[in-house]
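Bear in mind the structure is a predicted one, so any value in this text is a computation, not a measurement. Sequence lines set the chain letters: A, B, ... in the order given, protein chains first and strands last, and positions in each chain run from 1. Just the heavy atoms: all of them, side chains too, but no hydrogens, waters or symmetry mates, feed the values below.
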Number of protein chains: 2
Amino acid sequence: MTRKSGDASRSTIRDVAARAGVSASTVSRVLGGEYPVSAATRGRVMRAVRELDYVADARAKAIAGVGTPTLAFVLEDITGPSFAHMAHGVEREATRLGHLCLVCSTEGDVRHELEFVEMMRAQRAAAVILVGGTADTPEYRERTHRMADSLASAGSRLVLCGRPPLDPGAPVTVIEYDNEGGAYTLVAHVLAQGHRRVLYLGGRTDHTTALGREHGYLAAHRARGLDPDPSLVLHGDFTRDSGHRLTQQALKDGLEFSAVVAATDMVAAGALTALHEAGLTVPGDVSLAGYDDIPFARDLHPALTTVHVPYEELGRLAVRTALERTPGAPDEHLLLGTHVVVRDSVGAPPAR
Amino acid sequence: MTRKSGDASRSTIRDVAARAGVSASTVSRVLGGEYPVSAATRGRVMRAVRELDYVADARAKAIAGVGTPTLAFVLEDITGPSFAHMAHGVEREATRLGHLCLVCSTEGDVRHELEFVEMMRAQRAAAVILVGGTADTPEYRERTHRMADSLASAGSRLVLCGRPPLDPGAPVTVIEYDNEGGAYTLVAHVLAQGHRRVLYLGGRTDHTTALGREHGYLAAHRARGLDPDPSLVLHGDFTRDSGHRLTQQALKDGLEFSAVVAATDMVAAGALTALHEAGLTVPGDVSLAGYDDIPFARDLHPALTTVHVPYEELGRLAVRTALERTPGAPDEHLLLGTHVVVRDSVGAPPAR
DNA sequence: TCCGTCATGGGAACCGGTTGCTACGGTGTT
DNA sequence: AACACCGTAGCAACCGGTTCCCATGACGGA
């Protein structure tokens, strides 16, 4: 079991050259590929490489203009299941295409987002993928437009993944999925069971993902000629605690409803627990639906009816469209569809 | 709303120097910090920097020996909740310490792991963190020992996070948590309720995490003078589908048990659904416990009794110990404790 | 008024690679 | 035997930064 004696410090191409008795250029050419080198020389070089356990410095190669650039993605928090799936898609596709991935989480802080994008620009990342919804304000559009320009001028590219598009003219690739459409279909399904008072557990009022789903909720009502009671639309965030708290509060306030539609499965999970705690059965007393179709949705009891979002596909597409883009091409904007997964948590309202 | 006209290509420090009418060294000094530069010069340089939207190339800085190196972590699959939490801890701590993070997922393929570590070495990463359990074979130890040497000789460092330690002598930092101890306490708790036939839903038989927990299961029995029926120990993987399938099979096979202990919460979730599908109540007919304390555990019905593992802390510690290590110091090996979280899924066995 | 000193900025070498161009030695041709 | 040609390897310049070392000019003191 001979083990290479730990050479104190990383060795350079010149060390290898010296050991093989050739010049650095020759080593580079042996390792690099195409250039003709005699078998004897190649052998000596390869042996020196092995003996020194040499690996060329990827950053030096990058600077010299060879080697694949890295890819960066920025998200709010990797522990959210839907974020994790997007991240997974991004990572897999990047790896498949031979790129390494830089990742950072902003913890929802816009300043961090700006800092990170600046760092990615310094890294000369091939593309920067911003993952997940956000508050869609004029300030957001302005700031993000600047990022896009700034990245574009550095030869990189901004990709918005599950995030609202900017004003036309911004050099940006957008991959979205249909929040409103999914919510519309889901709520239509709930209404079709006969429910008339449907509690909506939404997210922050300025958050695009939350808002899109809320619009779908409203649109589904109006399509049926219904006018939803505004007091049935509650706002929190996308955590299970928010769902839990909001539902407890609604129950305590004596709000009348026969179904709950949550903005995410996480929220639905918290809501379910709150309903159980109040002694209500699902879907006997109250129906419940979520959004995202995270793996756990089917293990809730009852199994959760929800909207499936192709998160992983979203991430993969973000990478592919960004990387395979031809520089002059027009900006792309993809909108992925979703579909409802009917399980056991939605039933007819109780007879009164 | 003036927007900088997208300068076709990234600008270099020499472009900035030319525009400011100074030399590249001066620009470097203005940006770099300490060296005294007159206010007038500084002003001209800063203006040029702003006008060109210049950011120094981080890779060039890295090569020149300044700038913080990046940190790399390698895991099996970011979508697993416990992996995601470790990743989160790693990322947060790295960011706090001013490092960027490279991430890659191996999808459980050892070859990918090797390739990635080689790439990280080429990137001159400050440390490479290998996350999550694995098969602990002689081949694993040999291979990983080689990685550790190889990274050490490149001035980097290997960190094993939630992964079995190597033979002494390998230059490696190990941060583990106590799988056996947690399982021991958990199973002791179950046995204390009066259960005598406890089904164990384990992972792959060579996987250290799965094995540690299995040992805890056995040890808890023996500590009570019990001799667990080997047919009650089942093996699958760490997915909810595995828990679902194994439980269905156990039920179909007519296995007798009054409690189920799953190797992870995901497995427990699948088991719970299978139990419900069979018309069994939890914990009335069968008690159930998991391991990991993922956020969803409390939203299962009944809320899952499980073992809390400080995954995020684990990731943070991995980064901190690796980065704050003084080069000559002895190798560290930390073992974090776990604790049982008692919820509603474990009760007394049914009277017979 | 002359000289020493200090503040400031530039030139050049270096970090670790790649690659265009050139020089050298050996062979095949006439 | 002289010449051209080709295969091979090395020198040097470059990628985009940093930093050591030195030159210059302004200033204050004797």
Problem set entry | Residues from residues 35-46 of chain A lying under 4.0 Å of DNA chain C - heavy atoms | Tyr35(A)

Problem set entry | Derivation of the salt bridge (charged side-chain N to carboxylate O under 4.0 Å, His left out) call for Arg96(A) and Glu107(B) | CA-CA 12 Å; Arg96(A) 204 178 64 78; Glu107(B) 312 291 329; over 6 Å; no

Exercise. With Phe73(B), which residues qualify under ring-ring contact (aromatic ring centres under 6.0 Å, His included), at least two apart?
Worked result: none

Exercise. Are side-chain N/O atoms of His85(B) and Glu312(B) paired as donor and acceptor at under 3.5 Å?
Worked result: no

For this session: Take Asp331(B) and Arg157(B) through the test salt bridge (charged side-chain N to carboxylate O under 4.0 Å, His left out) and record every step on the way to the result.
Result: CA-CA 11 Å; Asp331(B) 298 333; Arg157(B) 180 148 188 95; 2.8 Å; yes

Exercise. So do Leu334(B) and Glu332(B) actually touch side chain to side chain, heavy atoms under 4.5 Å?
Worked result: yes

For this session: Answer yes or no: is there a donor N or O on one side and an acceptor on the other, between the side chain of Ser156(B) and the main chain of Arg124(B), under 3.5 Å?
Result: no

For this session: Between protein and nucleotides 12-19 of chain D, map the contacts as a letter string: B base, S sugar-phosphate only, - none, heavy atoms under 4.0 Å, written 5' to 3'.
Result: B--BBBSB

Exercise. Between Ser28(B) (side chain) and Ala24(B) (backbone), is there a donor-acceptor pair under 3.5 Å?
Worked result: no

